[in-house]
Amino acid sequence: MTALLPALVDALRGGSVEAIDLTAPLSETTPILQLPEPFANTSGFRLEELSRYDDRGPAWYWNDIHTGEHTGTHLDAPNHWVTGRDGLDVSQAPLRTLIGPAAVIDKSAEVADDPDFLLEVDHVRAWSDEHGPLPEGGWLLYRTGWDARSHDQEAFTNADENGPHTPGVSAECARWIAQESPVAGFGTETVGTDAGAAGGFDPPFSCHHFLMGAGKWGLTSLQNLASLPPTGAVVVVSPLPIVGGSGSPARVYALVER
């Protein structure tokens, strides 16, 4: 019997398997979701210094972390939305879900022409006709090129007097991903899994509504999806196991054969 784990380590060291970071760095400039009044907003990320090789601690440097659950690259748990209020919290995420195969659908060209572009069921079916079925228990990752904007809050949310203009999925596609597709989760490069205009959809914020209601998981603010093949990558999601939490910042990376 082949020893699989030593072979994987050798492949990573030798370069035949590459680890690709899909995570946005966390800092005080990390873009965050901005909800209109009267809704409460999450806090951004910041460090509070406790000591730095000084009288407060002469031999060590450390900080307190202040952040929201849904800041930067993060995992949405089913209990994040009212439709999944009795579902799993982020500490209960199954490891078999956090490590799984990825299908990557690329609509970056369409989004470059239309920032309000919506993924439709027919787009996913056309992808499947070319690349095969979506992975059972895996992840559907939606590449839009939006990660190129992640250095700037204004560019990332792309809002005007009519609201934010960011790509997402149609209400029917969200329902289909949640209720008919075999994937366990859906990931995007935008600040949330929903389109900027999704507050006006039926139901509002359809991706959250259907995905969380079906007990599935969301990933947002992903980066470097351009480095992944349409099929064959394995995604590893590492959230903090916050007991009772609705989500968590996460380190997300992919393993890709080269």
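Predicted, not measured: the structure shown is a model, and the values here were computed from it.
The number of heavy atoms from other shown groups lying within 6.0 Å of CD (Glu180) is above 12. Counting non-hydrogen atoms of neighbouring residues, nucleotides and ligands closer than 6.0 angstrom, the OH atom of Tyr53 exceeds 12 such neighbours. The number of heavy atoms from other shown groups lying within 6.0 Å of CD1 (Ile65) does not exceed 12. More than 12 heavy atoms of other shown residues, nucleotides or ligands fall within 6.0 angstrom of atom CD in Gln34.
Looking at Thr73, its side chain does come within 3.5 Å of a backbone N or O of Ser221 through a donor-acceptor pair. Checked by atom type and distance alone, the side chain of Thr144 never pairs as donor or acceptor with a backbone atom of Asp106 at under 3.5 Å. Side chain of His123 to backbone of Val121: no donor-acceptor contact under 3.5 angstrom is found. Checking side-chain atoms of Ser27 against main-chain N and O of Thr29 turns up a donor-acceptor pair under 3.5 Å. The closest donor-acceptor contact from the side chain of Asn158 to the backbone of His165 lies under 3.5 Å. Side chain of Asp21 to main chain of Tyr253: no donor-acceptor pair is present (N/O by atom type, distance under 3.5 Å, no hydrogens or angles). At least one donor-acceptor pair closer than 3.5 Å links the side chain of Lys216 to the backbone N or O of Val183. Judged by distance alone, with hydrogens and angles left aside, the side-chain atoms of Tyr142 form no donor-acceptor pair with the main-chain N or O of Glu189 at under 3.5 Å. The backbone N or O of Ile32 lies less than 3.5 Å from a partner atom in the side chain of Gln153, making a donor-acceptor pair. Within the 3.5 Å criterion, the main-chain N or O of Trp127 finds no donor-acceptor partner in the side chain of Glu130.
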Check the pair Ser51 / Trp62 against side chain to side chain contact (heavy atoms under 4.5 Å, CB included), numbers first and verdict last. CA-CA 6 Å; Ser51 69; Trp62 61 341; 3.2 Å; yes
Set out, in order, the CA-CA distance, both residues' side-chain angles and the distance that settles side-chain hydrogen bond (donor to acceptor under 3.5 Å, both in side chains) for Thr220 and His70, then state yes or no. CA-CA 9 Å; Thr220 78; His70 301 268; over 6 Å; no
Under the criterion side chain to side chain contact (heavy atoms under 4.5 Å, CB included), I'd like the reasoning laid out for Leu98 against Leu75: C-alpha separation, chi angles, the key distance, then a yes or no. CA-CA 10 Å; Leu98 298 180; Leu75 180 69; 3.9 Å; yes
Residues Val256, Val17; criterion side chain to side chain contact (heavy atoms under 4.5 Å, CB included); working and verdict: CA-CA 5 Å; Val256 179; Val17 171; over 6 Å; no
In sequence, state the C-alpha distance, the side-chain angles, and the governing distance for Glu18 and Arg258, and then conclude on salt bridge (Lys or Arg N to Asp or Glu O under 4.0 Å). CA-CA 7 Å; Glu18 182 182 2; Arg258 296 305 188 193; 2.6 Å; yes
What do the steps show when you test Asp147 against Leu222 for side chain to side chain contact (heavy atoms under 4.5 Å, CB included), and what is the final call? CA-CA 7 Å; Asp147 58 335; Leu222 294 171; over 6 Å; no
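Listed by chain and number, the residues in a salt bridge (charged side-chain N to carboxylate O under 4.0 Å, His left out) with Glu110 are Lys107 (sequence neighbours excluded). In this structure, the side chain to side chain contact (heavy atoms under 4.5 Å, CB included) partners of Thr190, at least two apart in sequence or on a different chain, are Trp146, Thr166, Pro167, Thr188. With sequence neighbours excluded, the residues that form a side chain to side chain contact (heavy atoms under 4.5 Å, CB included) with Thr97 are Pro94, Trp139, Ala184, Trp217.
The line from CG of Leu140 to CG of Leu119 is 7.0 Å long, rounded to the nearest 0.5 Å. Note: Leu95 CG to Ile99 CD1 = 6.0 Å, rounded to the nearest 0.5 Å. Atom OG of Ser248 is separated from atom CD1 of Ile242 by 4.0 Å, given to the nearest 0.5 angstrom. Atom NE2 of His74 sits about 8.0 Å away from atom CG of Leu33, to the nearest 0.5 Å. To the nearest 0.5 Å, atoms CZ (Arg46) and CD (Glu28) are separated by 7.5 Å. Between atom CG of residue Asp76 and atom CD of residue Glu69 there is a gap of 9.5 Å, rounded to the nearest 0.5 Å.
Looking at heavy atoms from C-beta onward, Gln179 lies in side-chain contact with Phe210 at the 4.5 angstrom threshold. In this structure the side chain of Val243 reaches within 4.5 angstrom of the side chain of Ser91, judged on heavy atoms. In this structure, Arg52 and Trp60 have side chains that are not in contact, with every pair of non-hydrogen atoms separated by 4.5 Å or more. For the pair Cys173 and Val124, the minimum side-chain heavy-atom distance is below 4.5 Å. A 4.5 Å side-chain heavy-atom check between Asn79 and Asp86 finds every atom pair outside the cut-off. The shortest side-chain heavy-atom distance between Phe205 and His209 does not fall under the 4.5 Å cut-off. Side-chain contact between Leu118 and Val169 is absent, with no heavy atoms from C-beta onward closer than 4.5 Å. The side-chain heavy atoms of Thr23 and Gln223, taken from C-beta on, include no pair separated by under 4.5 Å.
Looking at Arg56 and Asp54, a side-chain N of the basic residue comes within less than 4.0 Å of a carboxylate O on the acidic one, giving a salt bridge.
Listed here is the closest heavy atom pair of Ala178 and Ala214: O-CB, 3.4 Å. Among all heavy-atom pairs drawn from Pro204 and Gly199, the shortest one is CB-O, 3.6 Å. What you find for Thr30 and Leu26 is that their closest heavy atoms are OG1-CA, 3.4 Å. Contact between Pro164 and Gly196 at its shortest, heavy atoms only, is CG-O, 3.3 Å. Scanning both residues, Ala102 and Val235, for their nearest heavy atoms gives CB-CG2, 3.4 Å. Shortest non-hydrogen contact noted between Val237 and Ala250 is CG1-CB, 4.2 Å.
One hydrophobic cluster, built from ILVMFWY side chains closer than 4.5 Å, holds both Val90 and Leu22. Placement of Leu141 and Val234 in two distinct hydrophobic clusters is found when ILVMFWY residues are connected by side-chain heavy-atom separations under 4.5 Å, directly or transitively. In the hydrophobic clustering of this structure, Leu134 does not group with Leu225; members are Ile, Leu, Val, Met, Phe, Trp, Tyr whose side-chain heavy atoms approach within less than 4.5 Å, directly or through other members. Following chains of ILVMFWY side-chain contacts shorter than 4.5 Å, one can reach Val82 starting from Met212, so the two form part of one hydrophobic cluster. Phe45 and Leu240 end up in different hydrophobic clusters when Ile, Leu, Val, Met, Phe, Trp and Tyr side chains are linked at under 4.5 Å.
Geometrically, Arg149 does not engage Phe156 in a cation-pi contact defined by less than 6.0 Å to the ring centre and at most 45° from the axis.
Between Phe201 and His208, the gap from one ring centroid to the other reaches at least 6.0 Å.
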